[in-house]
Amino acid sequence: MMQDKINQYTAEISAFEPRSAAETEAFRIKFLGTKGIIKDLFDEFKAVSPEEKRVLGKVLNDFKKLAEEKYQIVKEQFESGDAGADQNLDLSLPGEGFELGSRHPLSLVRREIVEIFKKLGFTVAEGPEIEDDWHNFSALNFPEEHPARDMQDTFFINKDAVNGDIALRTHTSSVQVRMMENGKPPFRAIMPGRVYRNEAISARAHCFFHQVEGLYVDENVSFADLKQTLFYFVQEMYGEGTKVRFRPSYFPFTEPSAEMDISCTICGGTGCPMCKGSGWVEILGCGMVDPNVLENCGIDSQKYTGFAFGMGIERITNLKYEIKDLRLFSENDVRFLKQFQSEVI
Ligand code: PHE
């Protein structure tokens, strides 16, 4: 009888794995307490026959030792904080402070650009960084084998039997195509993202940078709408009184095309090294969406017109913060990065 009970308790003790200090204490009370199992067994032991005592005496003592040892082990576990809650934890102590990082200047400026265009009703869209020939070039009216494709030094990845060349996108204009292919006009969106060009890295060029594309397609959209939209953007971004000027330019996907300059944000237009003495700095390319591009994307170019623009976020940031070396943006030097504190986290 007693032997059976002891066997059963032995198994229970061996399997015991407390998850808290409270469970450990319950174990102590159950087995080792003044009204516990071991006390009961010793009481029972007094009544057994002398022959049995000889065997059971040792069994009972071993069992008691086992229970005591087990208790010591599990108790220490909780005291050293190995498992469960730490008994010495003072929950009333103040927490340790986190040192907050700061936003990357490019993220800050991208967000500022997005906020400005949101006020004009532009939504935000994104597209893939790995693109096929159609979205990066052909749909945008770059003729096959046309030298215009060399305007942008492309990182080609491979050739796909169905989609032709697969490459890292050289501009965010590819997202315009995706947007127009997948929806119905009117479109009024900006498309921020990273782009890649095969250029040697220097203070003035990098193999990747960031652009914000803009697209506005509807009935009766004119060049005047383009000018007013960009003028508003510049006043919001660089302050009222900042001047703009448009110079004729060429892009395969816009006709007519222009480049937009603003009065130098550093010297205010009187001439300095940033604007190379001219008083003007270029900030973006733009134009009316070429009817061929609209048709390539399934949009009726008789009914709809639109404008598009594309600006480099690095460029906009350089002019805002007077940063002269593009490489700083990707070197992750905290001495540089921590200078850009934002009020919004
Ligand atoms: N995609 C052009 C570039 O990367 C910029 C651009 C966009 C020009 C839209 C006109 C219209 O240089």
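One-based numbering along the sequence shown. In listed order, ligands and their atoms are each counted from 1.
- Between Thr170 and the options Asn136, Thr154, Asn198, a side-chain hydrogen bond (donor to acceptor under 3.5 Å, both in side chains) holds for only Asn136.
- Both the sub-6.0 Å distance and the 45° axial angle are not jointly satisfied by Lys70 relative to the ring of Phe16.
- Taking the centre of each ring, Phe117 and Phe309 come in below the 6.0 Å mark.
- Considering both main-chain and side-chain atoms, Thr254 never comes within under 3.5 Å of ligand 1 through any nitrogen or oxygen pair.
- Residue Arg197 has at least one heavy-atom neighbour below 4.0 Å for each of these atoms of ligand 1: 3 (C), 4 (O), 12 (O).
- Within the structure, salt bridge (charged side-chain N to carboxylate O under 4.0 Å, His left out) contacts touching residues 3-15 (residues at least two apart or in different chains) are Lys5-Glu44, Glu12-Lys30.
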Would His210 and Glu314 count as a side-chain hydrogen bond (donor to acceptor under 3.5 Å, both in side chains) if you check the C-alpha gap in whole Å, the side-chain angles of each, and the deciding distance to 0.1 Å? CA-CA 7 Å; His210 301 79; Glu314 278 79 352; 2.8 Å; yes

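- Less than 4.0 angstrom separates some heavy atom of Phe309 from each of these atoms of ligand 1: 7 (C), 9 (C), 11 (C).
- Near Gln211, the atoms of ligand 1 lying under 4.0 angstrom from a non-hydrogen atom of the residue are 3 (C), 4 (O).
- Close approach of ligand 1 to Phe253 (heavy-atom distance below 4.0 Å) involves ligand atoms 1 (N), 2 (C), 6 (C), 7 (C), 8 (C), 9 (C), 10 (C), 11 (C).
- When Ser174, Ser257, Cys286, Ser249 are ranked by how near their heavy atoms come to atom 10 (C) of ligand 1, first place goes to Cys286.
- Interface atoms of ligand 1 facing Ser173, defined by a heavy-atom separation under 4.0 Å, are 1 (N), 7 (C).
- When ring centroids are compared, Phe209 and Tyr196 stay outside the 6.0 Å threshold.
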